[in-house]
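One structure below.
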2 protein chains.
Amino acid sequence: MSPSPAVSPLLDDQICFALYNASRALTARYRPLLDPLGLTYPQYLALLVLWEEGPSTVLHLGERLMLDSGTLSPLVRRLEGAGLVTRMRLPEDERSVLITLTEAGDRLRERTAGIQSQICGATGLDLPDLHALRDQIADVSAHVRETAQP
Amino acid sequence: MSPSPAVSPLLDDQICFALYNASRALTARYRPLLDPLGLTYPQYLALLVLWEEGPSTVLHLGERLMLDSGTLSPLVRRLEGAGLVTRMRLPEDERSVLITLTEAGDRLRERTAGIQSQICGATGLDLPDLHALRDQIADVSAHVRETAQP
DNA sequence: TTCTTTTTCATTGTGCACAATTTAACGGCG
DNA sequence: CGCCGTTAAATTGTGCACAATGAAAAAGAA
């Protein structure tokens, strides 16, 4: 082991590169599980919110997923094209678009039943370790967002 | 706190969502640091490899960054357009393209000096914790790739 | 050598991310 | 009421990721 400087610029030392790789690796691991359902990973995330929390506006989806309308508008349009959700302007506020699961979108939930355990298994960690790691990562994430420069 | 099932499908419980968010948050944190240099984060990663390891083929870059030619070809073309690298077919193997830093590309390295410490500071962790977390994430990443289904 | 397979890179097409702008609707406020 | 700043989505444009395909060169087999 060579001694490393206090803050190394080496590629493999970078926390961001590790996160970037891990995120892509896990998303790739989801792909063969989601492909049969006709979903991408971001589409699956949007459905998770709808399954958990019911009809949501684009704004609400964006807050939960940390995504803006530039990403969500076309994504939701594709979910609508697949017959999984409907879009409706709110009568009480015509600016907002309420996204609601269709019957097909609701039923799709059952077919995602085994996905989580497969993903957790692929990480090679047991549940306590996985939860601890997830919390650490979430803390870093929150801290990075808080220290964003104006 | 409500008791959670063994493997929760809830959005906020998911390790992948945490990784996905953290990766985007850190990349966003890099953006104002890299914008003045005219670089994106993936372009910065490619330059890191070239700064560390010298002239590299597209294949070598791809192995280091876990990216394929479909991503790297246009990325390298943009680096070439910015005058930071040159591309040359290897005389001994005309299939391979060697990417070499130009003077400008080499000099750019100096202007990235303070970036790492700023990013590390933004995570809110000290160096030992940061290294431990990075290693854990890299382990998960490697395990996920190993357990990819055929 | 000739034929076949593999390797390396580029290209095409789809779907995110995200900045910047636009459009329409809402909420005051005079 | 008309005016104005704000807000919610959508749109536009750029740059990744990645699957799939194509093209050219190299390596091997017959």
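Below, chain A is the first sequence line, B the second, and so on; all start at residue 1. Note that the structure is predicted; figures quoted are calculated from it, not measured.
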Upstream residue (5' side of DNA chain C) when T57(B) and D68(A) are each assigned their closest nucleotide: T57(B)
Side-chain (S96(A)) to main-chain (L90(A)) donor-acceptor, under 3.5 angstrom: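 Pair absent, no side-chain N/O of S96(A) close to backbone of L90(A).
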T57(B) side-chain N/O to V97(B) backbone N/O, donor-acceptor pair under 3.5 Å: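 The answer is no, because no donor-acceptor pair under 3.5 Å joins these two groups.
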Separation of dA9(D) P from H60(A) NE2 (nearest whole Å): 11 Å
Interatomic distance where CZ belongs to R89(B) and P belongs to dA23(D) [whole Å]: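 Atom-to-atom, R89(B) to dA23(D), this comes out as 15 Å.
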Under the salt bridge (Lys or Arg N to Asp or Glu O under 4.0 Å) test, residues paired with R87(B) that sit two or more places apart: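 For R87(B), the residues satisfying salt bridge (Lys or Arg N to Asp or Glu O under 4.0 Å) (neighbours in sequence not counted) are E80(B).
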Salt bridge (Lys or Arg N to Asp or Glu O under 4.0 Å) involving R77(A) - partner list, sequence neighbours excluded: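 Counting only residues at least two positions away or on another chain, R77(A) forms no salt bridge (Lys or Arg N to Asp or Glu O under 4.0 Å).
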Any N/O donor-acceptor pair, S69(A) side-chain to dA8(D) base, under 3.5 Å: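 Absent.
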Mutual orientation of the aromatic rings belonging to Y44(A) and W51(A) [parallel < 30°, tilted 30-60°, perpendicular > 60°]: perpendicular
Which atom of L50(B) lies closest to which atom of I99(B), heavy atoms considered: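 Looks like CD2-O, 3.6 Å.
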Where at least one partner belongs to residues 92-104 of chain B, residue pairs that pass salt bridge (Lys or Arg N to Asp or Glu O under 4.0 Å), sequence neighbours excluded: D93(B)-R95(B), E103(B)-R107(B)
R31(A) vs L75(B), nearer the 5' end of DNA chain D by closest nucleotide: L75(B)
Position toward the 5' end of DNA chain D (nearest nucleotide), T40(B) or R77(A): R77(A)
Start and end of the DNA chain C segment that chain B contacts, any atom under 4.0 Å from a heavy atom: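 Contacts span dT7(C) to dA19(C), reading 5' to 3'.
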Quick one: side chains of residues 15-23 of chain A, donor-acceptor pairs under 3.5 Å with protein atoms, not counting sequence neighbours, listed by atom name and distance.
| unit_1 | atom_1 | unit_2 | atom_2 | d |
| --- | --- | --- | --- | --- |
| N21(A) | OD1 | R24(A) | NH2 | 2.9 |

Stretch residues 90-101 of chain A: residues that reach within less than 4.0 Å of DNA chain D through a heavy atom: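 The stretch gives R95(A), S96(A), V97(A) as the residues lying under 4.0 Å from the strand, ordered by number.
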